[in-house]
Each structure stands twice: as structure tokens, then as C-alpha cells.
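Below is one structure, written out as C-alpha cells; comments come after it.
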Amino acid sequence: PVLKNSWNSREKIGNLYSGKIRHHHMGRLIALDFGTRRVGIAHSDDMKIIASPLTTLPPEETPAFLAQYHRDNGIETIVVGKPAHLHSAQAHVDVENDIKAFIACLEKALPGVPVERFDERFTSKIASAALYASGVPKSKRREKGALDMTSAAVILQDYMRWKENT
């Protein structure tokens with residue numbers, strides 16, 4: 001069965017390159033790790049298999065950046081991490097209100113592109129472990145931007161895995 005699966009994948013890729021498979025997708029997936037100062041952004045490849053960190057931007061610049069990205073590449077869905085701030089209920093409410101306002105701006109900038117929420121409770125721990133494991137120097141790891149976009153990539157990878165299983 002292992003061989004069969006790998007051949008199926010190779011066949012799919014072969015068909016894709018030979019033009020047998022028409023673009024059955026509407027675009028890439030984007031994941032956002034929202035913060036009031038920074039938004040980590042990650043994107044999928046065209047086949048929606050791999051999530052990669054893309055960039056980190058201030059929230060106010062993110063909708064215009066994504067509108068341009070959509071014009072250039074097409075966005076099928078935007079996935080916004082659902083933070084679980086465990087330190088206080090009020091902080092959670094405040095961030096949730098900021099996210100709702102941010103999503104409203106995204107929806108205005110990208111009409112017709114669905115925005116979904118996805119649980120990101122353990123994402124930043126996973127992301128810092130991933131950065132550590134990949135041999136990124138400590139000074140770079142401390143750079144919050146690297147963590148934010150890596151967190152977004154972890155959110156996106158988890159989301160794609162979840163979609164595959166539903």
C-alpha cells in the first residue's frame with residue numbers, strides 16, 4: 001500500500017505538470033496569527049500540502065497586503081487563529097474584540113474570500129520549538145516576527161491536516 005500511495009502522488013504530480021489536471025483550486029490558503037502589534041502571515045503552496053511562513057506586518061497594513069496577494073495568487077480561504085489567552089478572561093475578551101474588528105476589515109478588503117477561525121492554543125509553543133529544532137540562531141528566534149509567521153505556518157499546517165480528515 002505504501003508504494004501504491006507514493007505512485008498515486010507521483011502520478012498526480014505528473015498529470016499536473018503535463019496539464020492533465022486543470023486548476024481545480026481557487027487559490028492558496030492563508031493563515032494569520034493575529035496580534036495587536038503584529039500579524040504573522042503564512043501561505044500554502046498551490047496544491048495545499050505545505051504551509052510556509054510568509055511575512056509579519058502591523059495589523060493595519062495586513063488587509064491591503066492580502067488584497068494584493070489575492071490579485072497576484074488567489075486566496076481560497078483565510079484562516080485566523082483563535083487565541084486562548086489563559087491569563088485573564090478580560091484580556092481574552094479584548095483580544096477577541098480586536099480580532100472581530102480585524103476580520104471585518106479583511107472581509108471589506110477581500111469580498112468573497114471566506115475567513116475561518118481555527119484553534120491555535122498551543123501554536124506559539126510549537127512554533128518556538130520548531131524554530132529551535134531548525135537551528136535558527138537564538139537572536140533570530142527572539143525576533144518576534146519570526147515567531148509570529150512561524151506560528152501562522154503551524155496554524156495553517158494544523159488547519160490543512162484537520163481539513164484532510166474531515
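Side-chain contact between Val79 and Ile155 is present, with heavy atoms from C-beta onward closer than 4.5 Å. Within the 4.5 Å cutoff, side-chain heavy atoms of Ile78 are placed close to those of Val113. Side-chain contact between Lys163 and Glu116: present, with at least one pair of heavy atoms (C-beta onward) separated by less than 4.5 Å. Side-chain atoms of Val115 and Glu107, non-hydrogen and from C-beta on, do get closer than 4.5 Å to each other. You'll find the side chain of Leu156 stays beyond 4.5 Å of the side chain of Ile30, heavy atoms only.
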Please tabulate, for side-chain N and O atoms in residues 60-69, each donor-acceptor pair with protein atoms closer than 3.5 Å (sequence neighbours left out).
unit_1: Thr62; atom_1: OG1; unit_2: Pro58; atom_2: O; d: 3.0
unit_1: Gln68; atom_1: OE1; unit_2: Arg71; atom_2: NH2; d: 2.9
unit_1: Gln68; atom_1: NE2; unit_2: Asp72; atom_2: OD1; d: 3.0
unit_1: Gln68; atom_1: NE2; unit_2: Asp72; atom_2: OD2; d: 3.3
unit_1: Tyr69; atom_1: OH; unit_2: His43; atom_2: ND1; d: 2.7

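Between the side chain of Glu76 and the backbone N or O of Leu29 there is no donor-acceptor pair closer than 3.5 Å. When atom types are taken as modelled, the side chain of Lys48 and the backbone of Gly27 share a donor-acceptor pair closer than 3.5 angstrom.
Between Phe34 and Phe102, the ring planes lie tilted relative to each other; the angle falls in the 30° to 60° range.
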Check the pair Leu57 / Ile41 against side chain to side chain contact (heavy atoms under 4.5 Å, CB included), numbers first and verdict last.
-> CA-CA 8 Å; Leu57 290 173; Ile41 304 172; 3.9 Å; yes
Do Asp46 and Asn73 pass the side chain to side chain contact (heavy atoms under 4.5 Å, CB included) test, and can you show the C-alpha distance, the side-chain angles, and the key distance before you say yes or no?
-> CA-CA 9 Å; Asp46 285 334; Asn73 304 285; over 6 Å; no
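From Asp33, atom CG reaches atom CG of Leu147 across 7.5 Å, with rounding to the nearest 0.5 Å. Atom CG of Asp94 sits about 10.0 Å away from atom OG1 of Thr36, to the nearest 0.5 Å. With rounding to the nearest 0.5 Å, the separation of CZ in Arg38 from OG1 in Thr56 is 7.5 Å.
By the 4.0 Å N-to-carboxylate-O rule, Asp45 lies too far from Arg28 to be salt-bridged with it.
Put simply, Trp162 and Met160 are part of the same group of oily side chains (I, L, V, M, F, W, Y) that touch within less than 4.5 Å, one to the next.
Taking each heavy atom of Ile99 and Gly81 in turn, the nearest pair found is CD1-O, 4.1 Å. For the pair Ala152 and Ala42, the tightest heavy-atom approach, listed with the atom from each and the gap, is C-CB, 3.5 Å. Across His70 and Ile75, no two heavy atoms sit closer than the pair ND1-N, 2.7 Å. Scanning both residues, Ala51 and Gln157, for their nearest heavy atoms gives N-OE1, 3.1 Å. Ser52 and Ala153 get closest at one heavy-atom pair: C-CB, 4.1 Å.
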